[in-house]
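All heavy atoms count here, side chains included; hydrogens, waters and symmetry mates do not.
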Amino acid sequence: MLEVESGRFLPGSPIEALSISNRFTGYVFADLSESCVESLGQRTAGQRDVHVLSGDANAAELLDTVAAIVPRN
């Protein structure tokens, strides 16, 4: 996230979530904004089990994609 007043980059929720010491086994992030998806994709490139998706998190198509990524167990 860019702080408007200073122009500094501040970590947003996804980056904060990825920086915790006891990480989850996988992460799925979704956003409607293509520029946000692209930016987060670049920031998380090379990190295992991190998926950045474009679309409405409430849309059936995206939920199907998430369901295919997340293990059933």
Side-chain angles (χ1 to χ4, degrees):
M1 169 172 46
L2 185 64
E3 184 180 50
V4 176
E5 294 83 25
S6 69
R8 294 181 311 148
F9 172 76
L10 300 173
S13 299
I15 301 302
E16 294 261 340
L18 293 170
S19 68
I20 63 172
S21 57
N22 293 325
R23 290 181 56 152
F24 291 104
T25 55
Y27 295 85
V28 179
F29 301 109
D31 201 295
L32 285 169
S33 166
E34 285 295 329
S35 62
C36 289
V37 169
E38 182 179 329
S39 178
L40 184 58
Q42 290 173 359
R43 287 184 170 86
T44 60
Q47 293 194 40
R48 218 173 122 214
D49 297 318
V50 175
H51 305 271
V52 182
L53 308 175
S54 177
D56 182 348
N58 295 309
E61 305 85 38
L62 192 62
L63 292 175
D64 289 342
T65 301
V66 172
I69 293 170
V70 176
R72 294 216 182 266
N73 59 0

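- There is a path of hydrophobic side-chain contacts, each under 4.5 Å, that joins Val52 to Ile20.
- Residues Leu32 and Asp56 are in side-chain contact: their nearest non-hydrogen atoms beyond the backbone lie under 4.5 Å apart.
- In terms of the side chain to side chain donor-acceptor pair (under 3.5 Å) criterion, residue partners of Ser54 (sequence neighbours excluded) are, by chain and number, Glu34.
- Nearest heavy-atom pair across Ala30 and Ala57 is CB-CB, 4.5 Å.
- His51 NE2 to Leu40 CG: the interatomic distance, rounded to the nearest 0.5 Å, is 12.5 Å.
- Between Leu18 and Val50, the shortest heavy-atom contact is CD2-CG2, 3.8 Å.
- Linking Ile, Leu, Val, Met, Phe, Trp and Tyr residues whenever their side-chain heavy atoms come within less than 4.5 Å places Ile15 and Phe24 in a single cluster.
- Within the structure, side chain to side chain donor-acceptor pair (under 3.5 Å) contacts touching residues 57-73 (residues at least two apart or in different chains) do not occur.
- Here the closest heavy-atom approach between residue Tyr27 and residue Ala17 is recorded as OH-O, 3.5 Å.
- Considering every non-hydrogen atom in both Leu53 and Val37, the closest pair reads O-CG2, 3.5 Å.
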